[in-house]
Peer 1: 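Encoded as structure tokens, here's the structure I'll be asking about.
Chain identifiers are assigned alphabetically (A, B, ...) following the order of the sequence lines, protein sequences preceding nucleic acid strands; residue numbering begins at 1 within each chain.
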Protein chains: 2
Amino acid sequence: MTRVLVVDDDPRLQRTLAIALRAHGHEVVTAGDGRTAVQSVLEDAPDVVILDLGLPDLDGTEVLRRLRTGSAVPVIVLSARHESDDKIEALDLGADDYVTKPFGVEELLARVRAALRRGGPQGQHLEPMTTDHFRLDFAERRATVAGADVRLTPTEWRLLEALCREPGHLVSQQDLLRAVWGPSYGRESNYLRVYANQLRRKLELDPANPRHLVTEPGLGYRFTP
Amino acid sequence: MTRVLVVDDDPRLQRTLAIALRAHGHEVVTAGDGRTAVQSVLEDAPDVVILDLGLPDLDGTEVLRRLRTGSAVPVIVLSARHESDDKIEALDLGADDYVTKPFGVEELLARVRAALRRGGPQGQHLEPMTTDHFRLDFAERRATVAGADVRLTPTEWRLLEALCREPGHLVSQQDLLRAVWGPSYGRESNYLRVYANQLRRKLELDPANPRHLVTEPGLGYRFTP
DNA sequence: CGGCCCCGTCAAGATCGCGTCAAGAGGCGT
DNA sequence: ACGCCTCTTGACGCGATCTTGACGGGGCCG
């Protein structure tokens, strides 16, 4: 079951979309303004967000920006305007797709399916992972290393999740960047180096000789429990 | 999943295109200059290339020429100019299609689909290969010899892949050089000697008397599992 | 038997990618 | 408004990897 967050200030449209989405097997949560939307992304962990620009409380681009600092969830933007300026701005900020009103429900559903294919399931949290040295509980956002609690920042958690989705397998730099920083980041591998080391410092017994988070030069990283 | 290489020096346009393409189910890799583009074609094996003329380092037609000597991937050329000279020149050099800026995203997507229909998919990874002595997993970039993990460098992997594409068959020096070092390397067989031996040292039981990686003097190498 | 070609080997310099650090900006809570 | 935490971004050193040239040996042919 995939979860879709619908953000729109028009209750009519909210209901229309909700019915259509549920009819196609999606679970639906709704938000009427930007702040609620940001909160819902963090709490409900939807698999995809449908975001109407032109909300009462926040600028649409501001909502996008805030979402992006806390999650890499795919976002489909709705807009009544036709100006391509908006379009480019929204896409620059990390939207995955863009639909101008009026639109057909079928079209939107197709784009939701496309976004889900791309992003993979987000909402399902991973199983807790335990080794002799540390324990990671993704649902609770709790990390214990050598018996003591360790604080991980949101970005560190997202990187860790992307790595742990396939434990022991090589994950490419591009995949990691996309999973953590959104679809717009192709090659800026400096982020990865900084945060991979941050994770090593917090999780590894000997950060200089990592046993779990291993780098594959030129390709990506591998996380083995 | 089809892979599209976007070559443009404008990061904005890069991202816009990348997002639009991903929204339609394509995987995207990007390059900001000509040299990176040529390299990416060899390494990432995209199914179609979108190439902006007017790159910082190389003339657009030069990029096309280099691509064409190493790959038959379909290329869609973007250009801000309207002069038909460029158009004819580009098409002569092997571009498959030509779009002048400004263009609609939908139009470009349609041409990408058309190019994909024409070209068909290109690259994927080889199956893991196992013998009594070693095991090679190309997708995971993992090599195990006599039970122990062995690290292979990127170049070693590329050479091994070229050899294993036709196990037990003779692969000519030219083919190997082109597959690993690119289309410009016709006869620098020194590379091959160095890396073939590197591989023997890491994979063979007795590197002095190779049983798997056999050299055919004057012709090339043969890899038998 | 001698010369030649081709391969294996080695080593040194150049280059690349990664780990590391730190300064600065911006958000958030107090 | 202030301070703390986090994220971003650039610079730098180091080790691994790649490149390049040189040298020696073995097989083949004249």
Peer 1: By a strict heavy-atom criterion of less than 4.0 Å, which residues belonging to residues 204-212 of chain A are in contact with DNA chain C?
Peer 2: none
Peer 1: Please find the earliest and latest nucleotides of DNA chain C, in the 5' to 3' direction, that have an atom within less than 4.0 Å of any heavy atom of chain B.
Peer 2: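 Span of nucleotides near chain B: C:dC6 to C:dC10.
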Peer 1: Taking protein heavy atoms under 4.0 Å as touching, what does nucleotides 15-30 of chain D look like 5' to 3' if B marks base contact, S marks sugar-phosphate-only contact and - marks none?
Peer 2: --SBBBBB--------
Peer 1: What I want to check is whether the side chains of A:R135 and A:T144 have a donor and an acceptor closer together than 3.5 Å.
Peer 2: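 Side chains of A:R135 and A:T144: no pair found under 3.5 Å.
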Peer 1: Which class fits the ring pair B:H133 and B:H212: parallel under 30°, tilted 30 to 60°, perpendicular over 60°?
Peer 2: parallel
Peer 1: Pick one: which of B:T30, B:L108, B:V7, B:V75 meets side chain to side chain contact (heavy atoms under 4.5 Å, CB included) with B:I50?
Peer 2: B:L108
Peer 1: In sequence, state the C-alpha distance, the side-chain angles, and the governing distance for B:Q174 and B:R178, and then conclude on side chain to side chain donor-acceptor pair (under 3.5 Å).
Peer 2: CA-CA 6 Å; B:Q174 256 207 12; B:R178 285 225 244 274; 3.1 Å; yes
Peer 1: Looking at A:R141 and A:E161, does any basic side-chain N land under 4.0 Å from a carboxylate oxygen?
Peer 2: yes
Peer 1: Return the set of residues passing salt bridge (Lys or Arg N to Asp or Glu O under 4.0 Å) with B:D52 (not counting sequence neighbours), or none when no residue passes.
Peer 2: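 Scan of B:D52 (salt bridge (Lys or Arg N to Asp or Glu O under 4.0 Å), adjacent residues dropped) gives B:K101.
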Peer 1: Restricting to pairs with a member in residues 139-159 of chain A, which pass ring pair (Phe, Tyr, Trp, His ring centres under 6.0 Å), not counting sequence neighbours?
Peer 2: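 For residues 139-159 of chain A, and leaving out neighbouring residues, the ring pair (Phe, Tyr, Trp, His ring centres under 6.0 Å) pairs sorted by first residue read A:F138-A:W157.
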Peer 1: A:V180 and A:R158: which non-hydrogen atoms are nearest, and at how many Å?
Peer 2: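 That closest heavy-atom pairing would be O-NH1, 2.6 Å.
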Peer 1: The criterion is side chain to side chain donor-acceptor pair (under 3.5 Å); which residues satisfy it with A:H169, sequence neighbours excluded?
Peer 2: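 Checked A:H169 against side chain to side chain donor-acceptor pair (under 3.5 Å); matches are B:E140.
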Peer 1: Which heavy atom of A:L203 sits nearest to which heavy atom of A:F134, and what is that distance?
Peer 2: O-CD2, 3.8 Å
Peer 1: Between D:dT8 atom P and A:L177 atom CG, what is the distance in whole Å?
Peer 2: 11 Å
